[in-house]
Every structure is written in structure tokens, then in C-alpha cells.
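Contents: one structure, followed by commentary.
In listed order, ligands and their atoms are each counted from 1. Values below: every heavy atom of this structure, side chains too, minus hydrogens, waters and symmetry copies. All residue numbers refer to positions in the sequence shown, counting from 1. Note that the structure is a prediction, hence the values are computed from the model and not measured.
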Amino acid sequence: MNSVRGMRREGYLLGTALLAVLILMSMLWGSAAAQGPDEQQLTEGQQLYAENCAVCHGPNGEGRVGATLAQNWPSIRPDLTVRTIIERGVAGSVMPAWHQDNGGPLTSEQIDALVAYILSWQTGGAGSLAPVPTFTPHPPIAPIPEVEGDPNRGAVLFADNCAVCHGPNGEGRVGATLPTNWPSIRPDLNVKAIISEGVQGSLMPAWHQDNGGPLTEEDVNDLVAFVLSRPAGTVQQVQPTAAPLSPVTIPWLQGWGGVVVFFVLITVLIAAALIWQRRFS
Ligand code: HEC
Ligand code: HEC
């Protein structure tokens with residue numbers, strides 16, 4: 001009987017020790033999570049922002065066709081607010097849905113980096129990161145017969161304004177594949193009208209200043225020349241890819257829920273061991 005009591009005391013000691021270790025571990029975990037984004041995540045976020053968002057929201061989130069993002073978000077969990085908008089887009093506006101689950105080009109991890117970067121404006125933190133170039137030079141494009149714009153200047157404008165949706169070479173992304181055979185006698189007028197006026201009821205914005213856009217007549221003409229310099233077949237069309245399967249996550253097993261479940265399991269195991277010992281010793 002004495003030895004059983006001794007065992008039981010040891011069991012309690014073991015249980016208390018385990019509890020202490022668990023509490024310590026979860027506190028460490030909590031403080032690691034609270035440290036926020038690291039430099040690497042911010043740099044990735046900045047890169048993604050320059051490539052995908054600056055065209056509408058301005059290089060420093062100051063707003064352009066899109067809303068001002070360098071602001072203090074009136075929300076208890078601004079990260080969740082901003083992430084949801086980025087993932088799903090804003091219906092009825094030109095703000096696209098960016099998550100692969102919603103047909104966009106970005107993964108959850110990339111959106112995490114964007115959220116971290118955007119929220120860093122609340123404290124002015126990321127301003128110190130070096131700007132990212134958005135245009136990669138490519139071989140000069142010969143002028144297009146009977147089209148007045150300059151395709152090389154158009155290429156730069158395209159990288160800054162259109163590649164975000166149409167891909168760097170117009171291969172298609174959230175926007176249509178542009179290298180195509182235009183079913184029109186005057187494809188230049190056709191393409192110019194689309195760029196100037198946008199496509200009602202789609203994500204394609206109106207770009208001409210006459211229609212509230214940011215571009216001049218000359219800009220639009222140069223873009224037309226660039227678009228027409230890529231006939232069908234010059235780039236490979238990108239088929240929308242199926243979203244990769246994300247690892248199964250069980251929400252209540254993460255964070256404190258997981259700690260509690262783990263602790264309950266350990267307690268049950270210790271209790272079972274004690275009962276077993278009492279029975280057989
Ligand atoms: C084609 C233009 C366009 C692009 C590209 C774009 N946005 Fe937007 N975005 C908008 C517009 C327009 C709104 C405002 C929508 C509304 O509320 O009517 C908006 C709204 C938002 C909002 C909510 C702002 C608020 O105050 O509620 C966030 C956050 C946002 N965009 C993030 C992003 C991020 C991140 C990217 C890049 C991955 C991006 N956007 C790319 C046009 C764009
Ligand atoms: C926010 C995303 C977005 C941006 C930015 C964007 N487009 Fe588009 N664009 C689209 C979508 C979506 C369509 C397809 C519209 C439809 O017909 O439903 C499209 C269609 C077009 C078409 C017609 C394609 C066809 O086969 O009929 C042209 C030309 C075009 N865009 C040029 C441009 C140019 C030039 C720019 C930059 C100044 C640009 N787009 C910027 C989303 C975008």
C-alpha cells in the first residue's frame with residue numbers, strides 16, 4: 001500500500017512537472033508569434049506589392065485607381081480585414097480577388113507577406129526598404145506599320161500598368177491573353193477603344209484620362225502599338241492552374257486549443273498509468 005501511495009505522489013509530481021513545461025512552451029510559442037513579420041517577409045511583401053498592387057494603389061500605398069492603403073485600419077484585427085479583401089477582391093470594383101482559391105495568382109503565404117507589408121505602413125516601418133524595379137528591359141521592338149504609337153515606350157507602360165493582370169508578355173493572368181489575331185479591319189482602333197474605355201462589367205479598367213483613367217492620349221497610343229506588336233502565337237497562353245491543395249488544418253488544434261488538448265491527453269495517460277499501477281501492484 002505504501003508503495004502505491006509513493007507511486008501516486010510520483011505521478012502527481014510528474015504531472016505538475018509536465019504542466020509547467022507545457023505552460024512554458026506555450027508562452028514561448030506565444031511570444032514567437034507576437035514578434036510579427038521578419039525582414040524577409042517584408043521584402044517579399046514589398047516585391048509582390050510592386051509587381052501586383054502599386055499600379056492601382058500607388059508605389060507607397062498612397063492610392064491611385066485603387067484605395068489608399070497607407071492608413072490606420074479601424075479594426076481590432078486589421079490583418080484579417082486586409083487579408084480577406086486581398087483574397088476575395090471587392091465585388092463591383094476593379095479590385096481583383098488575388099487568392100488562388102478564388103482564381104487569382106497568389107498563394108496564402110504570398111498574401112501573408114503582402115498583409116505584413118501593407119500593415120507596416122501603419123507604423124511607417126517598411127519605408128526604409130529599397131524600391132523594387134518593375135520593368136525588365138527587353139530587345140527593341142520594330143515600329144508597327146500604320147500604327148502611330150511607339151511600341152518600346154508602350155512596353156514600359158505595359159509593365160507598369162497592365163502586366164499585373166495580363167502577364168509580363170500579355171500571356172494572360174487575371175486579364176485576357178493579349179497576343180491574338182484581332183478580328184477587325186482596324187485592330188488599332190479596336191484595341192485603342194478597349195484600352196481607353198475599359199470593358200464594362202469586367203476587371204478591365206478605363207485607362208484614358210478622358211474616361212477618368214491615369215493615362216494620356218500618347219500613352220494609350222504607345223500601348224496600342226505594344227499590344228499589336230505581339231501577334232497570336234508569340235507567347236504561350238497561360239491556362240488558369242488549379243489551386244494546389246493546402247495542408248489540412250484543424251482550427252481548434254492550433255494555438256491554445258492544441259495546448260489544452262495536448263494537456264488533457266497527457267493527464268488521461270497519467271491517470272490511466274496510476275490506475276493500472278494500483279490494480280496490479
Ligand atoms: C486594377 C486595380 C487594382 C489592383 C491591381 C489592386 N487593387 Fe486593391 N483596390 C482597388 C480598388 C478600386 C479598391 C477599392 C474598392 C472599393 O472599396 O470600392 C481596392 C481596395 C483594396 C483594399 C481595401 C482598401 C480599403 O480601404 O478598404 C485593399 C486592402 C487592397 N485593395 C489591397 C490590394 C492588394 C494587396 C493588391 C495587390 C495584390 C491590390 N489591392 C491590387 C483596385 C486595385
Ligand atoms: C485589373 C486587371 C486588368 C488590368 C490592370 C488591365 N486589364 Fe486589360 N483586361 C482585363 C480583363 C479581365 C479583360 C477581359 C475583359 C472581358 O472581355 O471580359 C481585359 C481585356 C483587355 C483587352 C481586350 C482583350 C480581348 O481579347 O478582347 C485589351 C486590349 C486590354 N485588356 C489591354 C490592357 C492594357 C493595355 C492595360 C494596361 C494599360 C490593361 N489591359 C490593364 C483586366 C485588366
Taking every non-hydrogen atom, the tightest pair across [X] and [Y]:
X    : Y    : result
E87  : N102 : O-ND2, 2.7 Å
L228 : D188 : CD1-CA, 3.6 Å
P151 : A142 : CG-O, 3.8 Å

Is L106 close to Q100 at the side-chain level, that is, under 4.5 Å between some pair of heavy atoms?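 No, side chains not in contact.
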
Can you list the ligand 1 atoms lying under 4.0 Å from a non-hydrogen atom of [X]?
X    : result
V90  : 15 (C), 16 (C), 17 (O)
N52  : 5 (C), 37 (C), 38 (C), 41 (C)
L114 : 38 (C)
I86  : 32 (C), 35 (C)
I85  : 22 (C), 23 (C), 27 (O), 28 (C)

Taking 4.0 Å as the limit for heavy-atom contacts, which would you say applies to L69 with ligand 1: side chain only, backbone only, both, or neither?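 Side chain only; the backbone of L69 stays clear of ligand 1.
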
Would you please name every residue forming a ring-ring contact (aromatic ring centres under 6.0 Å, His included) with Y49, sequence neighbours left out?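 Listed in chain order: Y117, W121.
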
Ligand 2 atoms in contact with [X] (distance to a heavy atom under 4.0 Å):
X    : result
V199 : 15 (C), 16 (C), 17 (O)
I195 : 32 (C), 35 (C)
L223 : 38 (C)
I194 : 22 (C), 23 (C), 28 (C)

Among R83, H99, H57, Q110, whose heavy atom sits nearest atom 19 (C) of ligand 1?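 Looking at heavy atoms only, H57 sits closest to atom 19 (C) of ligand 1.
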
Between the candidates C162, P205, A163, A206, which shows the shortest non-hydrogen contact distance to atom 38 (C) of ligand 2?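 Heavy atom nearest to atom 38 (C) of ligand 2 belongs to C162.
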
Residue list, side-chain hydrogen bond (donor to acceptor under 3.5 Å, both in side chains) with T216, at least two apart or on another chain: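 Expected list: D219.
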
Does one side chain, of H208 or E197, offer a donor that lies under 3.5 Å from an acceptor on the other?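 Result is no, nothing qualifies.
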
Just checking, any donor-acceptor pair under 3.5 angstrom between side chains of Q40 and E44?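 The criterion, which ignores hydrogens and geometry beyond distance, is not satisfied for E44 and Q40.
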
Would W73 count as a contact of ligand 1 if the rule is a heavy atom under 4.0 Å away?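 Contact check W73 vs ligand 1: positive.
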
Just to check, does I118 reach to within less than 4.0 Å of ligand 1 when the distance is taken from its heavy atoms?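 So I118 counts as touching ligand 1.
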
Intermediate values then yes/no, salt bridge (charged side-chain N to carboxylate O under 4.0 Å, His left out), E148 and K192: CA-CA 11 Å; E148 75 170 278; K192 184 170 179 179; 5.3 Å; no

